[in-house]
Amino acid sequence: MSTPIMTMQASPDALQEDTDLLTEIAILYYQQSATQEEIARKYKISRPKVSRLLRRAREEGIVEITVKFHPVHSAQLEQRLMDRFNLKRALISLDQPSAQEQRMQVATLVSAYLDANLNDGMVVAVGQGQNVAAVADHPGVVSHRQARFVCAIGGTHRSGDAFNADHICRRLAKKFGGSSETLYAPAYVDNETIQQVFVSHPNISETLNQARKAEFALVGIGDMDENSHMVKLGCFSAREFVEARVNDGIVGDIGGFDFFRMDGQPTDNLMRGRVVGLAMPDLARIPNVIAMASESRKALSILGALRTGVIDVLATSASCAMALLNMSEPAPNEKQITFQQQE
């Protein structure tokens with residue numbers, strides 16, 4: 001006859017005490033620079049146990065370790081990205097503890113880059129999204145110049161006003177002392193027939209032509225996560241994103257204009273013909289396309305976007321930069337996609 005095995009579960013109070021102990025030890029070691037020997041004496045435990053508790057604190061997420069990169073290392077990353085992907089510039093932000101801080105750090109670099117390179121009379125074609133909006137909202141002081149900020153894509157739902165190209169253009173114009181041009185159309189429509197009605201309208205056609213002739217384009221890089229910003233706004237359904245990712249191999253979009261595979265090739269799928277805005281061939285003719293992606297989850301999407309060949313300046317984080325270099329070891333006879341302007 002077998003002996004029954006009794007299991008005991010720790011009470012909530014005991015679990016909380018355990019977490020409190022891990023937190024106290026972690027604070028002493030990482031913030032107050034106490035040695036493991038000093039902690040062992042304070043809590044009357046062995047030094048090896050202190051080491052085990054500190055390891056548990058890291059494993060359970062009580063402690064998060066972030067490596068800060070020296071500016072020299074960041075400069076080396078920038079040069080390696082420029083060489084690998086034939087970029088004019090790579091703007092690499094140090095890694096930050098939160099998504100919001102990371103986005104703002106990347107926006108800081110882009111804002112400074114525009115301030116240094118934008119001149120009177122130049123035109124900037126502006127996309128949509130949180131990363132692009134962060135440039136407009138960056139509090140840093142920039143020089144005023146008579147530049148024009150032109151919407152390169154239509155508007156989205158009211159809930160996404162802050163990330164609309166139109167609202168971003170207005171804020172950029174206020175920030176740089178220039179003017180803005182609105183594209184009076186929705187960003188996405190149900191089918192290509194409706195799209196053609198919009199893009200053939202004289203006012204919309206004229207605005208898009210202005211965007212095509214821009215000296216700069218400021219766009220975000222999107223991924224195909226079903227929780228992405230475009231899905232939350234209702235531009236596309238989560239099911240459409242999942243099917244496009246699984247069935248068509250789509251890994252992301254540039255500016256919400258065009259979707260692409262990992263090799264940078266655009267795809268013919270149910271999403272095409274629904275965008276009222278520029279397309280990849282249009283971006284290819286703009287001499288300074290600045291693409292932004294601050295989120296670490298977008299590394300695969302950034303890689304696909306770089307392989308389209310339309311990006312001139314990439315702004316991202318140090319961790320994304322290293323992931324891109326690790327994932328993109330040059331393959332024999334690797335070719336880059338080149339888009340031609342459609343007449």
Side-chain angles (χ1 to χ4, degrees), residues 107 110-111 114 118 121-138 142 145-189 194-222 229-230 233-236 253-259 271-292 310-313 315 341-342:
V110 174
S111 180
L114 281 174
L118 194 59
M122 286 186 171
V123 175
V124 181
V126 179
Q128 62 183 2
Q130 298 180 81
N131 284 290
V132 179
V135 178
D137 298 332
H138 182 260
V142 296
R145 69 289 312 278
Q146 294 302 311
R148 293 175 56 238
F149 298 89
V150 180
C151 291
I153 191 169
T156 53
H157 293 272
R158 297 293 302 177
S159 60
D161 273 353
F163 309 132
N164 270 347
D166 178 42
H167 286 249
I168 297 171
C169 274
R170 293 174 189 271
R171 301 202 301 276
L172 283 170
K174 183 177 180 180
K175 176 185 176 78
F176 285 93
S179 61
S180 65
E181 180 77 21
T182 300
L183 182 63
Y184 292 102
Y188 305 101
V189 293
I194 299 175
Q195 180 215 41
Q196 289 303 311
V197 172
F198 276 107
V199 299
S200 62
H201 189 281
N203 291 346
I204 295 172
S205 176
E206 174 59 26
T207 301
L208 288 175
N209 282 334
Q210 290 181 42
R212 291 185 181 102
K213 297 174 183 176
E215 284 83 8
F216 289 87
L218 185 58
V219 298
I221 297 174
H229 186 63
M230 283 202 290
L233 288 179
C235 305
F236 298 98
D253 70 90
I254 295 182
F257 310 136
D258 254 330
F259 296 85
M271 292 182 182
R272 291 180 67 79
R274 293 175 58 181
V275 182
V276 182
L278 299 187
M280 211 94 76
D282 298 321
L283 288 182
R285 294 297 298 272
I286 296 175
N288 300 287
V289 176
I290 306 170
M292 305 176 60
V310 306
I311 294 174
D312 301 291
V313 178
Q341 173 72 8
Q342 296 175 341

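The structure presented is a predicted model; accordingly, all values stated were derived computationally and were not measured. Worth knowing before you read on, the calculation uses all heavy atoms, side chains too, and leaves out hydrogens, waters and symmetry mates.
Taking each heavy atom of Val276 and Pro186 in turn, the nearest pair found is CB-O, 3.2 Å. Looking at every heavy atom in both residues, Asp312 comes nearest to Ile286 through OD2-O, 3.6 Å. Residues Gln128 and Ala165 approach most closely at CB-N, 4.1 Å, considering heavy atoms. Across every non-hydrogen atom of Cys169 and Cys151, the tightest pair is SG-N, 3.6 Å. Between Lys175 and Ala136, the shortest heavy-atom distance links the atoms CD-O, 3.9 Å. Taking all atoms of both residues into account, the shortest heavy-atom contact from Ala125 to Ala214 is N-CB, 3.7 Å.
Put simply, the side chain of Gln210 does not reach to within 4.5 Å of the side chain of Val123, judged on heavy atoms. Looking at heavy atoms from C-beta onward, Thr182 lies out of side-chain contact with Thr207 at the 4.5 angstrom threshold. Here the side chains of Leu172 and Leu218 are in contact, with some heavy-atom distance below 4.5 Å. Under the 4.5 Å side-chain criterion, counting only non-hydrogen atoms from C-beta, Ile153 is not in contact with Leu278. The shortest side-chain heavy-atom distance between Val124 and Phe176 does not fall under the 4.5 Å cut-off. At a threshold of 4.5 Å between non-hydrogen side-chain atoms, the residues Pro281 and Asp258 count as touching.
Taken from OG in Ser180 to CD1 in Ile168, the straight-line distance is 12.0 Å, to the nearest 0.5 Å. Note that the NZ atom of Lys213 and the CG atom of Asp282 stand 12.0 Å from one another [nearest 0.5 Å]. Between the CD1 atom in Ile204 and the OH atom in Tyr184 there is a gap of 11.0 Å [rounded to 0.5 Å]. To the nearest 0.5 Å, the span separating CG on Asn164 from CZ on Arg171 amounts to 9.0 Å. The line from CG of Asn203 to CD of Glu181 is 9.0 Å long, rounded to the nearest 0.5 Å. Taking CG of Leu114 as the reference point, atom NE2 of His138 lies at 12.0 Å (rounded to 0.5 Å).
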field: Intermediate values then yes/no, side chain to side chain contact (heavy atoms under 4.5 Å, CB included), Leu118 and Val142
entry: CA-CA 11 Å; Leu118 194 59; Val142 296; over 6 Å; no
Trace of the side chain to side chain contact (heavy atoms under 4.5 Å, CB included) decision for Val110 with Asn131: CA-CA 10 Å; Val110 174; Asn131 284 290; over 6 Å; no
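Counting only distance, with no hydrogens or angles, the side chain of Gln146 and the backbone of Gly121 share no donor-acceptor pair below 3.5 Å. A donor-acceptor contact shorter than 3.5 Å is absent between the side chain of Ser111 and the backbone of Ala107.
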